[in-house]
Amino acid sequence: MSTMRHLASPIAKSFSEALRIDIEAGSWIFVSGQVGVAIPPNNKPISFEQEVRVTFDRIRESLRKLDADMDKIVSIKVYLTDLAAYAEFSKVRGEVFLTEAAFERLNQSLQDSGLPAFANPRNAGAGSLRQKDPRVTASRDLDDDGAGYGRHVRAAAVRQ
């Protein structure tokens, strides 16, 4: 038996913030249309980094409402109006997407080497991207996807 749960957008009830489909084999959650602006909209300017953080916060909240979290994300599509902003986006994304399993492996490796463990996946992801030695960054199990042109960030699918 399958079930479907629609999470209406706070902007317009006819749009989906997220859709959860449960089938015998598991669950899929599709999140789309998440943007980094205030709801309801206001005229306060925010930086691009703040927009990205707000967008990821919205994705995280949508997933939470459907009993999931960020470490279950399978694919993410990113639409940027200017590819020059990708480095800044990627920095924030690296703070978000270090899976729990990868975080545990990284901390175990650090502890085995006599180094202190990271406090949380966000710090580990951000710290991994800020390494001066690219071999250290390459050795870390970070996830990343490409970018395209558009206006917002959206998560395409979550598998539970």
Side-chain angles (χ1 to χ4, degrees), residues 4-22 27-104 106-107 116-132 134 136-137 140-160:
M4 190 165 42
R5 184 171 162 200
H6 169 260
L7 190 59
S9 168
I11 298 171
K13 301 300 178 204
S14 60
F15 294 107
S16 290
E17 176 180 330
L19 177 66
R20 180 179 179 133
I21 302 170
D22 295 309
S27 300
W28 285 92
I29 299 173
F30 298 88
V31 179
S32 66
Q34 301 297 327
V35 294
V37 296
I39 297 176
N42 63 40
N43 293 327
K44 295 180 182 174
I46 63 172
S47 70
F48 176 71
E49 180 178 337
Q50 289 171 313
E51 285 184 42
V52 175
R53 290 185 188 287
V54 168
T55 301
F56 280 124
D57 288 345
R58 288 223 172 103
I59 292 168
R60 186 179 292 107
E61 181 60 18
S62 295
L63 293 173
R64 187 198 61 74
K65 290 175 186 174
L66 295 171
D67 305 315
D69 52 41
M70 299 292 271
D71 71 344
K72 302 287 193 258
I73 288 184
V74 173
S75 176
I76 186 167
K77 301 275 188 229
V78 179
Y79 298 94
L80 302 170
T81 56
D82 182 357
L83 285 179
Y86 185 73
E88 192 172 2
F89 166 80
S90 188
K91 177 189 121 193
V92 176
R93 186 186 186 287
E95 296 173 4
V96 175
F97 288 102
L98 180 68
T99 66
E100 189 173 333
F103 172 66
E104 289 170 4
L106 173 59
N107 269 348
F118 284 104
N120 55 57
R122 180 197 176 280
N123 290 356
S128 294
L129 292 175
R130 293 187 180 111
Q131 293 294 315
K132 292 183 181 176
V136 174
T137 301
R140 308 246 169 113
D141 191 10
L142 299 172
D143 292 327
D144 194 18
D145 288 308
Y149 283 101
R151 290 197 81 68
H152 65 278
V153 178
R154 77 174 183 186
V158 177
R159 176 82 168 114
Q160 277 200 312

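Checking side-chain atoms of D22 against main-chain N and O of S27 turns up no donor-acceptor pair under 3.5 Å. Judged purely by atom type and a 3.5 angstrom limit, S47 uses its side chain to pair as donor or acceptor with the backbone of Q50.
Residues passing the side chain to side chain donor-acceptor pair (under 3.5 Å) test with R5, sequence neighbours excluded: none. By the side chain to side chain donor-acceptor pair (under 3.5 Å) test, E88 pairs with no residue at all, sequence neighbours left out.
Here the closest non-hydrogen pair linking S62 and L7 is O-CD2, 3.9 Å. Taking all atoms of both residues into account, the shortest heavy-atom contact from L80 to A85 is CD1-C, 4.5 Å. When all heavy atoms of V52 and F89 are compared, the closest pair comes out as CG1-CD1, 3.7 Å. Between A18 and I29 the shortest heavy-atom distance is CB-CG2, 4.4 Å.
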- Take E61 and R64 through the salt bridge (charged side-chain N to carboxylate O under 4.0 Å, His left out) test and state the conclusion after the steps. CA-CA 5 Å; E61 181 60 18; R64 187 198 61 74; 2.4 Å; yes

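Using a 4.0 Å cut-off between a side-chain N of Lys or Arg and a carboxylate O of Asp or Glu, E17 and R58 do not qualify as a salt bridge.
Aromatic ring pairs are classed by plane angle as parallel below 30°, tilted from 30° to 60° and perpendicular above 60°; the pair F30 and W28 is parallel.
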